[in-house]
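Letters A, B, ... are given to chains in the order of the sequence lines, protein chains preceding strands, and every chain is numbered from 1.
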Amino acid sequence: MTMTFTEYFEQTDTITIAQQLLGKQLFYQGPAGLLSGYIVETEAYLGEKDQAAHAFAGHRSAKNEALYHAGGTIYIYTIYGQFLLNVITQPEGVPQGVLIRGLQPNLGQEVMQLNRRQPRSVFDLTNGPGKLMAALGIQDLSLNLQSYATSALTLSLTMEKRPLAVNAAPRIGIGDKGIWKAAPLRFYVAHNPFVSKMPKRAMNLENYGWQS
DNA sequence: ACTATGATAAGCT
DNA sequence: GCTTATCATAGTG
């Protein structure tokens, strides 16, 4: 089955997309060659009603403009000097998206190593939203508002690994936002060592949490 | 969000 | 007793 990016990111709800992105491969055609990794951790942000979302209560500005664009749009924002990567979901005007929080390196792991300052181990390379962007070497906003369908940053909707289990948990870094602080909108491949804050004893180093 | 550092707990030769 | 892991705190853009 072949599906366009628009279909994939507009035809179903954001929570489902956040779960189904686990195992999809993210590609970046960078200056040092092709880099890629499998998505292992995501968070869903549900628009105007979601107190933790940038579009809460309809907030709209130049910084979060991408949220209001079509499904498949790249949304990058910065916090504390870190660049964070999102995929916009839902049709134009419905400001929802998915934050990519963890990546299992595949192509160009050596380059990613060089792009990072001081990773403690391979598992420290891309196990966080700011870390994975640093590893890819994306440290500006030039890809913001562009599309995964047509830019140097893309992802495969077909080639994928399959998680043995997907866990849901509260999102990270959410302050006092009522029910939205505890809402289980963070999804990750159970026992995968590239998931942020994964305790070592919970890591499965045999299969990384993937089927076969 | 990340890094660095220190405290506490758990493991191990 | 030493090493490693987990948790807490502070500093930073």
Peer 1: Tracing side-chain links under 4.5 Å among I, L, V, M, F, W and Y, which residues wind up in one group with A:Y80?
Peer 2: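 Listed partners: A:Y45, A:L67, A:Y68, A:Y75, A:Y77, A:I79, A:L84, A:I88, A:L99, A:I174.
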Peer 1: Between residues 194-204 of chain A and DNA chain C, which residues have a heavy-atom gap below 4.0 Å?
Peer 2: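 Only A:P199, A:K200, A:R201 qualify.
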Peer 1: Distance-only, no hydrogens or angles: does the A:Q90 side chain make a donor-acceptor pair with backbone N or O of A:T12 under 3.5 Å?
Peer 2: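 Yes.
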Peer 1: Could you pull out all donor-acceptor pairs under 3.5 Å where a side-chain atom in residues 104-114 of chain A meets a protein atom, sequence neighbours excluded?
Peer 2:
residue	atom	partner	partner atom	Å
A:Q104	OE1	A:N192	ND2	2.9
A:Q104	OE1	A:W210	NE1	2.8
A:N106	ND2	A:Q25	OE1	2.7

Peer 1: Is the side chain of A:T126 donor-acceptor paired with the backbone N or O of A:L103 at a distance under 3.5 Å, no angle test?
Peer 2: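 Judged by distance alone, yes, a pair lies under 3.5 Å.
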Peer 1: Would you say the side-chain atoms of A:E10 pair up with the backbone N or O of A:E7, donor to acceptor, closer than 3.5 Å?
Peer 2: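 Flag not set: sc A:E10 to bb A:E7 has no pair under 3.5 Å.
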Peer 1: According to a hydrophobic-cluster definition based on side-chain heavy atoms being under 4.5 Å apart (Ile, Leu, Val, Met, Phe, Trp, Tyr only), do A:L185 and A:V94 belong together?
Peer 2: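 No, A:L185 does not connect to A:V94 through the hydrophobic network.
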Peer 1: Over how many whole Å does the gap from A:I76 atom CD1 to B:dA1 atom P extend?
Peer 2: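 After rounding, the reported distance stands at 17 Å.
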Peer 1: Could you state the CE-P distance from A:M133 to B:dC2, rounded to the nearest angstrom?
Peer 2: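 It works out to 11 Å between those atoms.
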Peer 1: Under a 4.0 Å heavy-atom cut-off, which of residues 124-131 of chain A touch DNA chain B?
Peer 2: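 A:G128, A:P129, A:G130, A:K131 - these, ordered by number, are the residues of the stretch whose heavy atoms sit under 4.0 Å from the strand.
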Peer 1: To the nearest Å, how far apart are A:F123 CZ and C:dT6 P?
Peer 2: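 Atom-to-atom, A:F123 to C:dT6, this comes out as 13 Å.
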Peer 1: What are the residues of residues 136-146 of chain A, sorted by number, that bring a heavy atom to within less than 4.0 Å of DNA chain B?
Peer 2: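 Those residues: none at all.
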Peer 1: Keeping A:N204 on the side-chain end and A:G209 on the backbone end, is there a donor-acceptor pair under 3.5 Å?
Peer 2: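 No, the answer is negative, given that no donor and acceptor are paired below the 3.5 Å cut-off.
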Peer 1: Using atom types as modelled and distance alone, determine if a side-chain donor or acceptor of A:E43 lies under 3.5 Å from a backbone N or O of A:I172.
Peer 2: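 Confirmed, A:E43 side chain pairs with A:I172 backbone.
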Peer 1: Distance-only, no hydrogens or angles: does the A:H191 side chain make a donor-acceptor pair with backbone N or O of A:M203 under 3.5 Å?
Peer 2: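 No, A:H191 side chain to A:M203 backbone: no donor-acceptor pair under 3.5 Å.
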Peer 1: Checking the side chain of A:T154 only, and the main-chain atoms of A:Y148 only, is there a donor and an acceptor separated by less than 3.5 Å?
Peer 2: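 Checking the backbone N and O of A:Y148 against the side chain of A:T154, a donor-acceptor pair under 3.5 Å is found.
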Peer 1: Quick check: does any side chain N or O of A:W180 sit under 3.5 Å from a backbone N or O of A:K49, one acting as donor and the other as acceptor?
Peer 2: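 Judged by distance alone, yes, a pair lies under 3.5 Å.
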Peer 1: It should be established whether A:R116 places a side-chain nitrogen or oxygen under 4.0 Å from OP1 or OP2 of nucleotide B:dT3.
Peer 2: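 Answer is yes, contact under 4.0 Å.
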Peer 1: If two hydrophobic side chains count as joined below 4.5 Å and joins carry through other members, does A:V166 share a cluster with A:V189?
Peer 2: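 Result: yes, single cluster for both.
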Peer 1: Measure the distance from CD1 on A:I100 to C1' on B:dA1 and round it to the nearest whole Å.
Peer 2: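 Nearest whole value for this atom pair: 16 Å.
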Peer 1: What does the list of N/O pairs under 3.5 Å between the protein and nucleotides 8-13 of chain C look like, with a distance for each?
Peer 2:
residue	atom	partner	partner atom	Å
C:dG13	N2	A:Y80	N	2.8

Peer 1: With distance as the sole test, does A:R116 use its side chain to make a donor-acceptor pair with the main-chain N or O of A:L125 at under 3.5 Å?
Peer 2: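 Yes.
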